[in-house]
Amino acid sequence: MPEALLGPTSQSYISQRLRLNYVDWGNAAAPPLLLVHGGQDHCRNWDWVAEDLRRDYHVIAPDLRGHGDSAYSPSGDYSMAAFVYDLAQLIHQQHLAPVRIVAHSMGGNIALRYAGVFPETVVKLVAIEGIGPSPEQAAQRARRSPQQKLRNWVEETRKLSGRIPRRYASIEEAFARMQAENRHLTEAQARYLTLHGAMQNEDGTYSWKFDNYARSSSPIDLPQHELHELWREITCPVLFVNGKESWASNPETDGRLQYFRDGRVVVFEGAGHWVHHDRLEAFLETVREFLA
């Protein structure tokens, strides 16, 4: 069967003793392109993007630790440092550098940090609402004392340890929840994302695949001035993509664009947080031009 007619193949790699899943869309002779999803999401949310870009790129989309079909962290470690390490291991083990990266939300935050640590390995980077908390949110977090940060994390994690993943009586009920989460999705998109993002429990109910512990934010992270230094180390062009109807802060208007050597922002009308779903054709046209 011609490769163009095949769907992605599921593969895995090891990072910090975790077996992590990724899908490979073939076309291995083409330049590598990584698609990195956001928090509480999964790699198959990229399928519409991957089906188009696979014509010109060797597309690989990983499931982050604790997401999709990747292993859960036994210790509940979902720090940004752990995610950056996982991304670095995938690129290192599969010999993907120099690589292009398109990343969404938390995936963008991870990819930007990786590009600052290993600037020589990244050719171009697209961050869809993926630069992290707004300056106001970051300042609010910075005002908390070390005691407050650690105490809040302990209490939050303790609650998560007793939290039972929400169970839906049927896949249709999970599908309705997906539709409610993003009104921009078509019925077909929402159903597809539900089928790939949910798993059936032993009792016949359905739950989302991601680990509840992934909801928790590590109390230890780079302070803002160090994160800015990391961004300054990025040498590749960076395209920031925002949705006009999203809650996410625009890095051009909030001042964060100044920390990038070669960065620009494009805002899509009629799009929320998931721009690559809400304005797929326009998004693909913009990204294709940028990645070339």
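Hydrogens, waters and symmetry mates play no part in the numbers below; they use all other heavy atoms, side chains included. Since the model is a prediction, treat every value here as computed from it, not as a measurement.
Exactly one of Ser216, Ser217, Ser161 qualifies for a side-chain hydrogen bond (donor to acceptor under 3.5 Å, both in side chains) with Glu156. That residue is Ser216.
Aromatic pair His58/Trp25: centroids not less than 6.0 angstrom apart. With ring centers used as reference points, His104 lies under 6.0 Å from Trp274. For an aromatic pair to be called close, the ring centres must be under 6.0 Å apart, and His37 with His42 fails this.
With 3.5 Å as the limit, one finds no donor-acceptor pair spanning the side chains of Ser73 and Asp77. A donor and an acceptor atom, one from each side chain of Ser15 and Asp86, are located under 3.5 Å apart. His184 and Glu245 form a side-chain donor-acceptor contact under 3.5 Å, judged by distance and modelled atom types alone. Remark: the Thr235 side chain and the Glu233 side chain contain no N/O donor-acceptor pair separated by less than 3.5 Å. Thr205 and Gln200 form no side-chain donor-acceptor contact under 3.5 Å, judged by distance and modelled atom types alone. For the residue pair Asn45 / His276, a side-chain donor-acceptor distance below 3.5 Å is found, with atom types taken as modelled. Between the side chains of Asn21 and Ser12, no donor-acceptor pair of N or O atoms lies under 3.5 Å. Between the side chains of Asp254 and Ser249, at least one donor N or O sits under 3.5 Å from an acceptor N or O. Between the side chains of Tyr114 and Thr121, at least one donor-acceptor pair of N or O atoms lies under 3.5 Å.
Between Phe83 and Arg65 there is a side-chain heavy-atom pair separated by less than 4.5 Å. The shortest side-chain heavy-atom distance between Val36 and Leu64 falls under the 4.5 Å cut-off.
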*Under the side-chain hydrogen bond (donor to acceptor under 3.5 Å, both in side chains) criterion, do Glu155 and Thr157 qualify, and how do the steps go?*
CA-CA 6 Å; Glu155 292 174 350; Thr157 304; over 6 Å; no
*Could you walk me through whether Asp47 and Tyr192 pass side-chain hydrogen bond (donor to acceptor under 3.5 Å, both in side chains), step by step?*
CA-CA 10 Å; Asp47 281 10; Tyr192 187 88; 2.2 Å; yes
_Candidate pair Phe210 and Tyr72, rule ring pair (Phe, Tyr, Trp, His ring centres under 6.0 Å), full reasoning_ = CA-CA 8 Å; Phe210 64 84; Tyr72 288 7; 8.9 Å; no
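Tyr259 does not carry Arg232 over the face of its six-membered ring by the limits of under 6.0 Å from the centre and within 45° of the normal. Relative to the six-membered ring of Phe268, Lys244 misses at least one condition, a distance below 6.0 Å or an angle of at most 45° to the axis.
Ser79 and Ser218 get closest at one heavy-atom pair: CB-CB, 3.9 Å.
Relative ring orientation between Trp48 and His277 is described as perpendicular, the plane-to-plane angle rising above 60° on a 0-90° scale split at 30° and 60°.
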